[in-house]
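Report on the structure given below.
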Amino acid sequence: MYYGRVPKDFEFNGKKYIAGDLLTSKGATINALINPVDLDLSAYSLDLTDSKGNTNYTIAEVAQNVSEKPLTRADKTPNKGVFDLSIAVADGVAYSDLPGSNDIAYALTTKDAFGNEIISDYAVKVTAKMQAMSCTGPSVDAVYRTVHSLDELVGDRMNAAVDFYYTIEGADRNTAELLGVKLDADARTIYAEKEGRMPVTIHYLKTDGTTATTTMNIDFKNIVVDVTVADMEWTITPDVKNQWTSSDVTAMKDLLRQGRYNIQLKEIAYTDGKIRVNGKDWEYNFADKSIQFELHAADIDGEPITINTVDDYAKGITFSVVARFNPAKVAATSHDVTLNIVDTKDNNKVVYSTKFKVVVKQDNDAIFKFEPLSAYFDATKTEATAFGELNGAGDKILYNLNKLFSVSAADAQYITFEETVPTFNGVKAAAWLTGATDAISVDPMKDVKEADGVADEDNAGAYSARKFVSTYHPFNNERLATYSYTYNLTIKSPIKEGKQKGITGKSLSLDKKSFDFTMNTDIKWQDVNMSGNTYINWATETRVSKYTVALSEVAAGYMTIQVGGVLHEGTEPVEIKASDKVTIALKTSVTDIKNDVAATDSYVTLSVLDKWGATSQCKVDAPLKKRQ
């Protein structure tokens, strides 16, 4: 710290000085790391004291420390937790007191909210010299059409002065007029409309009470920063929160914080001129706005800053160029991008231009992949079985193919289907696909013989396997590659593939010549969706076309079937209703039973023909006993 004594009363820069007053230089500053780093120092009073609690000095100003090189990065940014503390002479200290304190070690002191004193190491020494120093103004570069702080341009060149201010003098006023220069003495700022050199006179007060001047030459130029936007890479995703990527452009901070410069897309095109996707050549059309660019700012903690005013830019510590993507239009390829830096206050005049690449990648698993549901597919995941539901007329089986996979409603809308329709004897069978998204409509099983339950060779309905290809079109975007899943589908009957319990515990003998049963009360049958003690209610079942009963060949030699008072002999099937009482009775001609006939030979077959065209059979035991 340089100091001196006021030789006589005078006034400088609007301030009065009295003879005998102490004069000290402005540039005595220490750097301090203060914890915790998020402390609001405006609520504390900082002092410098020796180990006995005495001091000649005080802390006059506190400011965030800013550097171009370490502590943290190469560009000029605040260093977190580090502050510049400007030292001033304490009240009541005479200039004659200062030389004797040059070897004293001081500590920073303050008090917490409870009045407890907090003290640092004794690590500060202030060297006071009674000397009047001359100052030399710098030569600096500045961006034209931008408001600059004169104090920031001067830097530390005036630290040895007591006080100083800026003017434009003499012939330099003509230069200022030609360059459109505006110097605000109160705000200590300067602005130039055009490129050129502007000399600014600095009037300063020395520590001996004398005054002097020096010149700062400001060369107003176009942008003087090296604008670089790093290449970007993005993998397509349906997650709307992650449909963007960015490149850091904090190196442009000093420019962007002025609030008048912004980025503007000049052009973007496929690196190779065009792309070939799904067998089609695509040429780029920027009007689709598949990629858009924005400038974003963040504060010292990395939190985004909402840019609403020019002043908001000044809060920015880091800046990024953000690319936002529209998955419904973007192409998975490399893009060449040219961005301009424009002056928004000068009709978006281009002041700089930069080129970089944006690479868009397609990872099918990251977008959507077919997940065959194991409830429908075999272990190979190539053979599927479904049951479907009947249409209103009961003559078609309906099903939605997307039910075979784990597919969201959002993805389902982008899936299309193809089927391989079989041909029999030169005649093409009916298609299953209805043309309505994922819906199929299937004919019942073709079985002319009906009762044997075996499909005919030219069956193209239920119980025939048909090849399908489900193809996913990501975001319905023709510029993205489609991908497919191939499988065979068989529609089967939920009744035939269910479980049934035949009637047991019945028998015929000369002592007990008949027994009865009905579908409604005695036949326990579950379709594929039923479990526990839930069974088909035959009284209300609408999925059945016909019920029949028939005697086995052995049983037909001893028994008859009686339905609704009508007696039937032989092995021919007898059609019944679900509510009919069916009576199995010994023939009147059977008068003697010498040996038992087991149920494996003597039984009644109950057949159910459902509307899938499938015939299912249930066995009703009817053994013969020589005695009960």
> Which is it for Asp363 and Thr235 under the side chain to side chain donor-acceptor pair (under 3.5 Å) test, yes or no, and what are the steps along the way?
Replying inline: CA-CA 7 Å; Asp363 178 356; Thr235 300; over 6 Å; no
>> Checking Ile440 against Leu489 for the side-chain contact (heavy atoms from CB on, under 4.5 Å) test, could you report, in this order, the C-alpha distance in whole Å, the side-chain angles of both residues, the deciding distance, and whether it holds?
In response: CA-CA 11 Å; Ile440 60 173; Leu489 172 64; 3.9 Å; yes
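- Within a 6.0 Å radius of CD in Glu553, other residues, nucleotides and ligands contribute 12 heavy atoms or fewer.
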>> Could you go through Gln362 and Asn364, starting from their C-alpha distance and side-chain angles, then the distance that decides it, and tell me whether this counts as side chain to side chain donor-acceptor pair (under 3.5 Å)?
In response: CA-CA 6 Å; Gln362 181 175 348; Asn364 291 342; 3.1 Å; yes
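- The local environment of NZ in Lys587 is crowded, with over 12 non-hydrogen atoms from other residues, nucleotides or ligands closer than 6.0 Å.
- Nearest approach of Pro327 to Leu480, heavy atoms of both residues: O-CD1, 3.8 Å.
- Asp592 has a carboxylate O that lies under 4.0 Å from a charged side-chain N of Lys594, or vice versa, which qualifies the two as a salt bridge.
- Side chains of Lys369 and Tyr472: no donor on one and acceptor on the other come within 3.5 Å.
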>> Ile415 vs Asn402, test: side-chain contact (heavy atoms from CB on, under 4.5 Å). Steps then yes/no.
In response: CA-CA 9 Å; Ile415 298 175; Asn402 277 331; 3.6 Å; yes
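- Rounding to the nearest 0.5 Å gives a distance of 6.0 Å between NE2 of His473 and OG1 of Thr482.
- Under 4.0 Å is where a charged nitrogen must lie from a carboxylate oxygen, and between Lys499 and Asp527 no such pair does.
- More than 12 heavy-atom neighbours from other residues, nucleotides or ligands sit within 6.0 angstrom of CD on Gln264.
- A salt bridge links Arg260 with Asp343: the distance from a Lys NZ or Arg NE/NH1/NH2 to an Asp or Glu carboxylate oxygen falls below 4.0 Å.
- Remark: Tyr558 OH is loosely packed, at most 12 non-hydrogen atoms of other residues, nucleotides or ligands lying under 6.0 Å away.
- Surrounding CG of Asn425 are at most 12 heavy atoms belonging to other residues, nucleotides or ligands under 6.0 Å away.
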>> Set out, in order, the CA-CA distance, both residues' side-chain angles and the distance that settles side chain to side chain donor-acceptor pair (under 3.5 Å) for Ser320 and Ser246, then state yes or no.
In response: CA-CA 6 Å; Ser320 299; Ser246 65; 4.6 Å; no
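- Put simply, CG on Leu624 and CG on Leu586 are 6.0 Å apart, with the number rounded to the nearest 0.5 Å.
- Ser514 approaches Thr583 most closely through the heavy-atom pair CB-CG2, 4.1 Å.
- Within a 6.0 Å radius of CG in Asn347, other residues, nucleotides and ligands contribute 12 heavy atoms or fewer.
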>> Could you walk me through whether Thr271 and Asp336 satisfy the side chain to side chain donor-acceptor pair (under 3.5 Å) test, starting with their C-alpha distance in whole Å, then the side-chain angles of each, then the deciding distance to 0.1 Å, before giving a yes or no?
In response: CA-CA 5 Å; Thr271 299; Asp336 290 333; 3.2 Å; yes
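- The side chain to side chain contact (heavy atoms under 4.5 Å, CB included) test with Ile536 singles out one residue from Lys524, Gln500, Met530, and that residue is Met530.
- Residues Ser290 and Asn326 bring no donor and acceptor atom of their side chains to less than 3.5 Å of each other.
- Closest non-hydrogen pair, Phe319 versus Asp248, comes out as O-OD2, 3.6 Å.
- When all heavy atoms are compared, the tightest approach of Thr518 to Ser579 is CG2-O, 4.4 Å.
- Taking the six-membered ring where the residue is Trp, Tyr487 and Phe377 present perpendicular rings, their angle passing 60° and hence far from 30°.
- Separation of the Tyr547 and Trp538 ring centroids falls under the 6.0 Å cut-off.
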>> Would Lys355 and Val337 count as a side-chain contact (heavy atoms from CB on, under 4.5 Å) here? Give the steps.
In response: CA-CA 6 Å; Lys355 294 182 178 181; Val337 184; over 6 Å; no
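- Remark: Glu389 CD is loosely packed, at most 12 non-hydrogen atoms of other residues, nucleotides or ligands lying under 6.0 Å away.
- Using a 4.0 Å cut-off between charged nitrogen and carboxylate oxygen, Asp610 and Lys496 do not count as a salt-bridge pair.
- Salt-bridge check for Asp281 with Arg276: passed, with a basic side-chain N closer than 4.0 Å to an acidic carboxylate O.
- Aromatic ring centres of Phe417 and Phe468: separated by at least 6.0 Å.
- When all heavy atoms of Ile236 and Ile367 are compared, the closest pair comes out as O-CG1, 3.7 Å.
- Residue-environment remark: CG (Asn533) stays at or below the threshold of 12 foreign heavy atoms within 6.0 Å.
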>> Using side-chain contact (heavy atoms from CB on, under 4.5 Å), reason through Arg479 and Trp282 one step at a time and then give a plain yes or no.
In response: CA-CA 7 Å; Arg479 291 176 173 85; Trp282 282 91; 3.8 Å; yes
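- Minimum heavy-atom separation, Ile275 to Ala331: CD1-CB, 3.4 Å.
- His568 NE2 to Glu575 CD: the interatomic distance, rounded to the nearest 0.5 Å, is 10.5 Å.
- Between the CD1 atom of Ile341 and the OG1 atom of Thr354 there is a distance of 7.5 Å, given to the nearest 0.5 Å.
- Ring pair Trp234/Phe325: centre-to-centre distance below 6.0 Å.
- Remark: Glu233 engages Lys361 in a salt bridge, criterion side-chain N to carboxylate O under 4.0 Å.
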